[in-house]
Protein chains: 2
Amino acid sequence: MTERRFFELHADVCKALGHPLRIEVIDAAKKKNFALPTFLKITGGLKSNLSQHLSLMTKKGILKSRRDGQSTYFSLSSNKVAQACRLMREVLIDNLKKNQKLIEKL
Amino acid sequence: MTERRFFELHADVCKALGHPLRIEVIDAAKKKNFALPTFLKITGGLKSNLSQHLSLMTKKGILKSRRDGQSTYFSLSSNKVAQACRLMREVLIDNLKKNQKLIEKL
DNA sequence: TGTCATTGTTTAAAAGTTTAATAGTTCACA
DNA sequence: TGTGAACTATTAAACTTTTAAACAATGACA
């Protein structure tokens, strides 16, 4: 595998974090395995849309799914996803704080 | 700030990781402060294009920039960005290994 | 078995966003 | 003022997301 190809795949996995609905799903999936209707109650919106996002996240390897009867249960593929997500949230919070301080100075 | 708005901002920061060139920049910036021409030697491509990506990353708060005369030096805004990036790379590697094992089983 | 509700996926079109490349502008400084 | 480096604006192409409808799989139960 070329270095370039590896950067592409790496970016592709990161891209799977880059949507508000998907961040919300990761947030919910930290605690517990859920099936689509439960996520749907949390996030709102259309079931087909949520299903597409869940399937993308599974394809990119940040969720894993397990079918049990009528339901498919989704959970984080690894705790690393939750950790990375938390770090990026901290980066956001640090930035918001910095901006707040800049505003206060005026 | 609403929870929804926070998820949007969080996703926005994560989105800044979701491009091969930007992953490559983060990779290079881990080690050292760089100005555009140095990044350009590493990544290749067009100067204007790289400049756009650097500016987006700065706007989203994953890089910070310091102007010194003609040159602008970019570095990671925090080590958390490098950590998150490394975790996501591990998620990718774990997935690649899993796929490899599946292939070997056939 | 047949029917029904529930769950989840697929598809396709429209709407929206991101990217690369170009051309043009600003900036630092000799 | 002239030069080269960095940045910005613009645009078309590529990609992602949303929406809505159709479809498929499962389980309950008369």
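Just so we're clear, the structure is a prediction, and the values are computed from it rather than from any experiment. Quick note on labels: first sequence line is chain A, next is B, and so on, each numbered from 1.
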Nearest-nucleotide 5' precedence on DNA chain D, A/Arg22 against A/Gly69
A/Arg22
Rounding to a whole Å, what distance do you find between B/Lys15:NZ and C/dT17:C1'?
7 Å
Whole-Å distance, B/Leu46 CG to D/dT11 P, equals 19 Å
Just N and O in the side chain of B/Arg67: are any of them under 4.0 Å from OP1 or OP2 of D/dA6?
no
Find the distance B/Asp12:CG to C/dT17:P and express it as a whole number of Å.
11 Å
Regarding B/His53 and B/Arg22, do their side chains bring together a donor and an acceptor under 3.5 Å, going by distance alone?
yes
Hydrophobic cluster mates of B/Ile23, side-chain heavy atoms under 4.5 angstrom, ILVMFWY only, any path?
A/Phe7
A quick test of your reading: do over 12 heavy atoms of other residues, nucleotides or ligands sit less than 6.0 Å from NZ of B/Lys59?
no
Pair A/Arg5, A/Glu8 - check salt bridge (Lys or Arg N to Asp or Glu O under 4.0 Å), show working.
CA-CA 5 Å; A/Arg5 181 74 189 121; A/Glu8 276 171 22; 2.9 Å; yes
Would you say the side-chain atoms of A/Thr43 pair up with the backbone N or O of A/Phe39, donor to acceptor, closer than 3.5 Å?
yes
Rounded to whole Å, CD of B/Glu24 lies from C1' of C/dT19 at a distance of 17 Å
Using whole Å, report how far CG of A/Asp68 lies from P of C/dT6.
19 Å
Side-chain N or O of B/His19 versus OP1/OP2 of C/dT17: is the shortest distance under 4.0 Å?
no
Closest heavy-atom pair and its distance - A/Ile62, B/Met88
CG2-CE, 4.1 Å
Looking for any heavy atom pair under 4.0 Å, which part of the strands does B/Ala35 touch: base, sugar-phosphate only, or nothing?
nothing
Take atom CZ of A/Arg4 as the centre, draw a 6.0 Å sphere, and report whether it contains more than 12 heavy atoms from other residues, nucleotides or ligands.
no
Could you check how far CG of B/Leu40 sits from P of C/dA20, rounded to whole Å?
13 Å
Calculate the interatomic distance between B/Lys60 atom NZ and C/dT19 atom P; express it in whole Å.
10 Å
Members of residues 47-54 of chain B that approach DNA chain D, where some heavy atom sits under 4.0 Å away:
B/Lys47, B/Ser48, B/Ser51, B/Gln52
Length of the CZ-P vector between B/Arg66 and C/dA28, whole Å:
15 Å
